[in-house]
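Heads up: the structure comes next, in structure tokens.
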There are 2 protein chains.
Amino acid sequence: MKGELRGSYVELNFSQRLYSRNFGERKDSKLTLTLEESSYLLSKGTLEVYEKGRKVELPELLKRAKLTEYFVFERLRESGRKIRFGEFEEYVPISENEVLSFEDLEKLAGKKLAVVDEESDVTFYRISSFNEYGKHEEELKEVEGHLCRERVIVKDVEIFRKYFYGTEKSGYVALSLVESLYLLEKGFLILSDEDESFLREKVNEKLYRVYRDLRERKFMVKTGFKFGSDFRVYEAVKSVKELTHSKYLVKLKERVSMRELAGDTRLAQSVKKKMIYAMVDEKPKYLLVERVRI
Amino acid sequence: MKGELRGSYVELNFSQRLYSRNFGERKDSKLTLTLEESSYLLSKGTLEVYEKGRKVELPELLKRAKLTEYFVFERLRESGRKIRFGEFEEYVPISENEVLSFEDLEKLAGKKLAVVDEESDVTFYRISSFNEYGKHEEELKEVEGHLCRERVIVKDVEIFRKYFYGTEKSGYVALSLVESLYLLEKGFLILSDEDESFLREKVNEKLYRVYRDLRERKFMVKTGFKFGSDFRVYEAVKSVKELTHSKYLVKLKERVSMRELAGDTRLAQSVKKKMIYAMVDEKPKYLLVERVRI
């Protein structure tokens, strides 16, 4: 088929074959294609494009095309989806250089980011709102603690062995600040007034609110440091001896670059966990991000 | 054994047993221990500490101890190393909250970071300077290209299939900006003068200098996007069909937080690659970071 380049679009005689495959817009006896649709059809050898008798090659069209969207269009078309250019269904084309705020990501819940990397490859990430609950049960008893700089030291090692708080050292357990404040607020940790006020000062407020919220959702929560995250999250922990793998990694993030998102989800996937971004607004909010194949 | 707390140290009768295990300093018939050494011996049940007849418990000592160093001391001691407190051999105690500049990290080449996380667990990362060379060989021929926004479009698909530049799309290859500039400078890419000057404007200078340096070291270099890095690096690539796994991930970093370092090395390890941080000073410099068990 032959089309004529007319500035920002290509015009050709109406083709039922193209039109029924969702290419172009009908105008009387003509079909008009966007530059991206034309590029695609040209690259496939279906279309030849001319401008006043001169043959137009692919790069000339692509120079003026929306390239990120084009690569996503090409990818989705090649996977058999008869999408129209610009109407990408649940797919949201985005360049690897972009940085999104948590709020931007939140608006994309239920959709799939189609990230175009430097090598024009397209990777898909599903964004979902996360509102799950765990099954962790515990029956704590009171313990006495002492704030030592960034830790609370507790003598009763059962709080680690049975309840998985802190880390057991030789003859004592070192609790993290968020664990300590949580136990304190729930009435299970006894601290001197001085230690209590220091503890409240030292705790990172947002981190604590996410920790507490996840705990109140009946998850067990530990540091995610070794995975580069704030927390790793267990559905339930019976005891340290019967520990199963954690299910989620949680990172507090107000802005996330596509590259970081790619790295985070890759790491989570490789350790069989799911990646969650969290933000504290009036209350903590969560988004689950997963790489998906299409 | 019994010791007396005297402000910033604990004093006891000289003990050959402790002294030969590298604890304390001898002063005539006395042995003086740091608060951290005393804490360690107290936690092990070897030492009792008193202050004017009152028994001193562990938290009281730890409140005044250097906690990060203490946890590393405890960890190294428990692994059988008879180190003195404060003399950590090749180990550098550091808290997970720290952020190091590339220059700081560089000074630690040959040493091991001993990172204390929120749960007082210690993880070890070896820092090494990286000065390796690859074995990639190629005999390129000239190709013509067209700059289309962030890509150079080339018709000759051999540049991908055989030489692994860019990505093959339908009937064309899309080169990244760094690949294009490299090929241009080496005389293998023909661009119009206009395209050339736009290309030079668009390329990220530092990223390009690292790309070129690695290429000149005979590595093959592609984007590391899916791993959250700038580049993935192959020792050699014969053709796309015979592609083996890449060996390194490279991230340009002027400052790196311990948490990011933990995440990066974990990801690299899980995909059987090694993590490299790069910085461009007068010329590109590299540091290899690996988690090590001790």
Side-chain angles (χ1 to χ4, degrees), chain A residues 40 42-45 57-60 62-65 67-68 71 74 78 95-97 115 117-121 123 145-151 153 155 166-167 169-172 174-179 222-230 258-264 266-267 270-271 291, chain B residues 40 42-45 57-60 62-65 67-68 71 74 78 95-97 115 117-121 123 145-151 153 155 166-167 169-172 174-179 222-230 258-264 266-267 270-271 291:
Chain A
Y40 181 75
L42 194 155
S43 80
K44 294 297 183 197
E57 299 287 349
L58 181 63
E60 195 178 333
L62 285 183
K63 260 185 201 283
R64 289 186 275 162
L67 214 56
T68 298
F71 287 127
E74 184 186 55
E78 285 177 350
S95 149
E96 67 162 338
N97 298 317
V115 188
D117 69 27
E118 216 192 333
E119 275 156 23
S120 318
D121 210 5
T123 319
H146 298 274
L147 183 71
C148 300
R149 300 183 187 245
E150 310 295 319
R151 301 288 183 279
I153 303 296
K155 276 236 155 182
T167 306
K169 299 289 189 173
S170 36
Y172 68 97
L175 300 174
S176 73
L177 297 179
V178 292
E179 287 174 330
K222 300 291 281 181
T223 181
F225 172 74
K226 286 191 189 69
F227 306 105
S229 280
D230 288 300
M258 289 304 101
R259 211 185 65 173
E260 188 171 6
L261 184 145
D264 287 343
R266 187 72 163 91
L267 172 53
S270 76
V271 293
R291 179 172 173 191
Chain B
Y40 181 76
L42 195 154
S43 79
K44 294 296 182 196
E57 300 287 348
L58 182 62
E60 196 179 331
L62 284 184
K63 259 184 202 287
R64 289 186 276 163
L67 213 56
T68 298
F71 287 127
E74 185 186 56
E78 286 177 350
S95 149
E96 66 163 339
N97 298 317
V115 189
D117 70 27
E118 214 192 335
E119 274 155 24
S120 318
D121 210 4
T123 319
H146 298 273
L147 182 71
C148 298
R149 297 180 188 248
E150 309 296 318
R151 301 289 183 279
I153 302 297
K155 276 236 155 182
T167 307
K169 299 289 189 173
S170 35
Y172 68 97
L175 300 174
S176 73
L177 296 178
V178 292
E179 288 173 330
K222 301 291 281 180
T223 182
F225 173 75
K226 287 192 187 67
F227 306 105
S229 280
D230 288 301
M258 289 303 101
R259 210 185 66 175
E260 188 173 6
L261 185 145
D264 286 343
R266 188 71 162 88
L267 172 52
S270 76
V271 293
R291 180 171 172 191

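A, B, ... follow the sequence lines: proteins, then strands. Residue 1 opens every chain. Quick caveat, the model's predicted, so the values are computed rather than measured.
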Do the non-hydrogen side-chain atoms of [X] and [Y] ever get within less than 4.5 Å of each other?
| X | Y | value |
| --- | --- | --- |
| B:Phe225 | A:Asp121 | no |
| B:Glu179 | A:Glu119 | yes |
| A:Arg151 | B:Ser120 | yes |
| B:Glu118 | A:Leu177 | no |
| B:Lys169 | A:Phe71 | yes |
| B:His146 | A:Glu57 | no |

Closest heavy-atom contact between [X] and [Y]?
| X | Y | result |
| --- | --- | --- |
| B:Arg64 | A:Arg149 | O-NH2, 3.6 Å |
| A:Glu74 | B:Ser170 | OE2-OG, 3.4 Å |
| A:Leu147 | B:Lys63 | O-NZ, 2.7 Å |

Reported NZ-to-CG distance for the pair A:Lys226 and B:Asp117, which is rounded to 0.5 angstrom: 5.0 Å
Sort [X] into side chain, backbone, both or neither according to what part of it lies under 4.5 angstrom from a heavy atom of chain B.
| X | value |
| --- | --- |
| A:Asn97 | neither |
| A:Ser95 | neither |
| A:Leu62 | both |
| A:Glu60 | neither |

Find the one option among [options] whose heavy-atom pairs under 4.5 Å with chain A are most numerous.
| options | result |
| --- | --- |
| B:Thr123, B:Asp230, B:Leu42 | B:Asp230 |
| B:Gly145, B:Gly263, B:Cys148 | B:Cys148 |
| B:Gly45, B:Ser176, B:Gly171 | B:Ser176 |
| B:Leu175, B:Val115, B:Thr223, B:Thr167 | B:Thr223 |

For chain B, which candidate among A:Glu78, A:Lys222, A:Glu260 shows the most heavy-atom pairs at distances under 4.5 Å? A:Lys222
Looking at A:Glu150, A:Arg291, A:Lys155, which has the largest count of heavy-atom pairs under 4.5 Å with chain B? A:Arg291
Quick one: what part of B:Thr68 sits under 4.5 Å from any heavy atom of chain A, side chain, backbone, both or neither? neither
